[in-house]
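Worksheet: the structure to be examined is printed underneath.
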Amino acid sequence: MATPIGSSINMLKGILNKIAAAACVLCFCSACGGAAVEVATNSDTFIYPDYAGVTVPVNIAPLNFHYTAAGIKKAVTTVTCGDAVVEFSGKEVVWDMLQWKSLLASAVSDTIRFSAELAMKGGDKQTFEWEVYVSPDKIDPYVSYRLIEPAYEVWHEVEIRERCLENFEERALSNWQNTDNSCMNCHIHSQARSDLSMFYVRGKDGGAFLNRNGEVRKLTLNAEGLVSGTVYGEIHPSGRYGVFSSNVVLPGLHALGTQRLEVYDTASDLVITDFDKNELIIPSILSRKDVFETFPVFSADGNSIYYCAADTLPMPRDVEKLRYSLMKISFDPKTGKAGSRPEVVWDAEQHKASVCHPKCSPDGKWIMYTVADYGTFPIWHTECELEMMNLQTGEIVKMDTANAYRSDTYHCWSSDSRWFVFASKRGDGKYGRPYFCHVDENGNLTKPFVLPQEDPWHYENSLLSFNIPDLSDGPVNFDAQSIGKMIKETAAETFVINGNKN
Amino acid sequence: MSSVKRFSIYIFLLFSLMSCSDSKTSYYRIWQEGHHLSDSLMIDFYGEENEAIENALGLVLEALDGNWEKVEEMTRGSRKSEIAAYYHNLAMAMKGCLADSLMYYYQPFGRGLFMPIGDESTQLKIAARSEAWYRLGEMTMAEHAAMLAQSFSPGHYGVPYLKRLAEVNLVTGQEEAAKKYLRLLSKEPGCEKWVSDRMPGQQSEEVKEHLKKMRSLLPTYDIVHGQSQYRDVLKNLLASNPDNQLARQYLLCYDLLIKDLGSFIKDYDPMRDRSRLYDEAALIYLALHNEVTPQNLSHFRISREVFQDFNDYDNLYVLSKGAMAPLQKQYGNTYWFFYQYAKRNTK
């Protein structure tokens, strides 16, 4: 802060006239911002990010971390795997990339053992030991997400980024600078394919950006006859079709301070898009006025559509009574038509809960979804958890190993169905972060780990949420500049509603 | 210690003092430092340092620290400023005299109590929005507003928002979130004591007392509401805690500022809420509904003096054929005049 020099000198003269001048000055200085208050972080774990006991893929980026206790005078961390021994000094452990890669390569299907000795101010010593298991199952090397402040429903300067999981490289796929500060929705891939993905940029020059067959198209997935534009959905494995919900979405705030935001629909139907014919198909069975239909996805083989459905209720008055069931209906990829007989896969009344965000594993074995007490948008519901069902047996797998006491939502399978990523607000409860979890062929899970960052303090310092992390088997073929150019120069392709509703 | 080394220390201390001993607080500079902004960014976003911006930034900062006497002092001379009206009203309400002071200050209708957010909102107005909700005990709205203020600030960062976010989460008992913000604040110059006083497990008695008071205001009933459903939110606060005096003043004065006399009469309890402003408003309501009867005057506890003034106002209105000037001269500080002549600034 700029200070009038004269007054400071006069003050100093006054202080120097006193016998205890030096002591006074020192006290004054320390109150003016010299030493920062040391604050312990994440008191429930001794390291952050909490990598103790996690399983990581063999191709993951270095797990940099720091110790969380306040008052550490000296810290020594010893890492061993087989004959390899690496030692770190200091309360932050930051790996050299080559050293980490070499260690991982030697630790496949093995554990990396960590031991730490912390000398605390005051003379105490603390010791910790933990392990990290290295799975031979590689994870798809890219994840994309939207970075946004968790300011409920309002955005300002958001972007979608793509991060390489094997290192710390990250780039913008679309950002506010190139979109006239428009809102953009998250980027989704079909079965983690980098050559088949989509996202929306809102605003007058925006549209749905479809990345398919090496080409990016700008589409208007809206037409008179839909309750609104398309919102949630997925691309068919063939790439020809999409299935989307068309929702009138409204946000509401909870009066109780820990609940925050409720987002609800006052109308929602499903629509199938034919990307080859630029047609919208509205199946009457999936666009009933007495039912809210939302969150549609295709089965792994593309022959069914899973979606969530609830009887309509007055909103927001009855939002706490609103419970969605998981439904399934057949789909014919030859005609683009849905079947006529929906079946209940997961009954909301039976479970006294509400389901959302279903996602089928690419191997066709599992469907994973989020369960909350009520509603359709539970990212602020602390009770909401991931759950999955074996599609061959109907057995439900509780996912306690992956779930935490904060909301766990918006999951995405890897292309080989051995990993999934999800957004969790565990920790501070406010900021969603991408966590990765291994799942074996029997549905056994391991302790998830957060996306590694080069800076071990990244998450503590960040005021952004990672929205809808989505895995990809490679980098996509566009970036923020090319999207910005399309926004400015390319007219969106229009779609028409197919006259023959089914 | 060598003389050279000692001299170096004195030089260091001198410069340290020079950077710490400002005799007059420059809110503009505090704001700039707290947002990590360069001079040029500060000018781009907030304009050159001048009295108006200095005053507005000062109001945000002083209110955040709960310095209501200072807020009152700083708003005393201001006229036709929504931010000044917002903080002036809040300072008056904190003293329990919002109703009595309402008509003695510029009132931009409901915007004098709540800062609405719209496409035209300035960052400073967004930054101000959190204060009233926090003091009322509505932590969702307070947190929402602080998040928005941070989002719309030049660097998506600012000490005032971090402080508010920390406070909100301390009040609602979400300590992990509070500690995140406190940790960030601990790195900010001048925030050490603020942080250490609030750190869970080592809070000062003053902070403990403040948190206890704020927690007593928290709603116990849940409703889902939109951002502008002020009445619903206030009524919910009062349903949970009928002794929330700030919410009570805000509810009644909001009704009056938006000229919703029907709601006012429903919300008003003449046995509990006493102010000449309320008497004046009740008289309009009774007159509009042809219900000025001795029984109603008694029910609303309207004094003979206020009733006589109302009749005099009415007579002058007829005599002056509705001309504003003579009425303003004599009754410019009455609700009658506001009700009849105040017009919304649609710009």
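Scope of the values below: all heavy atoms of this structure, side chains included, with no hydrogens, waters or symmetry mates. Note on naming: letters A, B, ... go to the chains in the order of the sequence lines (proteins, then strands), and numbering restarts at 1 for each one.
At least one test fails for A:Lys425 against the ring of A:Tyr431: distance under 6.0 Å to the centre or angle within 45° of the axis. With a 6.0 Å cutoff to the six-membered ring centre and a 45° limit on the axis angle, B:Arg198 counts as a cation-pi contact of B:Trp194.
With a threshold of 4.5 angstrom between heavy atoms, B:Glu175 does not approach chain A through any atom at all. Only the backbone of B:Thr220 comes within contact range of chain A, with at least one heavy atom under 4.5 Å from a heavy atom of that chain. For A:Tyr459, the part sitting under 4.5 Å from any heavy atom of chain B is the backbone (N, CA, C, O) and nothing else. For a residue to count as touching a neighbouring chain, one of its non-hydrogen atoms must lie under 4.5 Å from one of that chain's; by this rule B:Leu218 does not touch chain A. For A:Glu320, the part lying near chain B is the side chain, with the backbone staying farther off; criterion is any non-hydrogen pair under 4.5 Å. Using a 4.5 Å cut-off between heavy atoms, B:Tyr221 touches chain A through its backbone atoms (N, CA, C, O) alone. When heavy atoms are compared at a cutoff of 4.5 Å, B:Val224 approaches chain A by way of both its backbone and its side chain. For a residue to count as touching a neighbouring chain, one of its non-hydrogen atoms must lie under 4.5 Å from one of that chain's; by this rule B:Asp232 does not touch chain A. Contacts between B:Asp222 and chain A at a heavy-atom distance below 4.5 Å involve backbone atoms as well as side-chain atoms.
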| task | Show the numbers, then the answer: is there a ring pair (Phe, Tyr, Trp, His ring centres under 6.0 Å) between B:Phe114 and B:Tyr250? | result | CA-CA 9 Å; B:Phe114 304 104; B:Tyr250 263 63; 5.5 Å; yes

| side-chain contact (heavy atoms from CB on, under 4.5 Å) evaluation trace for A:Leu463 with B:Gln150 | CA-CA 9 Å; A:Leu463 293 168; B:Gln150 182 205 300; 3.5 Å; yes

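Put simply, the side chain of A:Asp455 gets close to the backbone of A:Trp457: a donor and an acceptor are under 3.5 Å apart.
Across A:Asn461, A:Leu250, A:Val319, the residue that shares the most heavy-atom pairs under 4.5 angstrom with chain B is A:Asn461. Comparing B:Gln32, B:Glu138, B:Gln229 by how many heavy-atom pairs each has under 4.5 Å with chain A, the most go to B:Glu138.
Ring geometry, A:Tyr48 versus A:His66: the interplanar angle falls from 30° to 60°, so the pair is classed tilted. Note on ring orientation: taking the six-membered ring where Trp is involved, the planes of A:Tyr67 and A:Phe46 are parallel (angle under 30°, cut-offs 30° and 60°).
Ion pairing of B:Lys208 with B:Asp197 is absent here, as no side-chain N (NZ or NE/NH1/NH2) approaches a carboxylate O to less than 4.0 Å.
A side-chain N or O of A:Glu149 and one of B:Ser151 form a donor-acceptor pair less than 3.5 Å apart. In summary, the side chains of B:Glu167 and B:His210 do not present any donor paired with an acceptor at a separation below 3.5 Å, with no hydrogens or angles considered. In this model, no donor atom of one side chain and acceptor atom of the other lie less than 3.5 Å apart for B:Lys179 and B:Asn169.
Below 4.5 Å, heavy atoms of chain A meet heavy atoms from B:His156, B:Tyr157, B:Leu162, all part of residues 155-164 of chain B.
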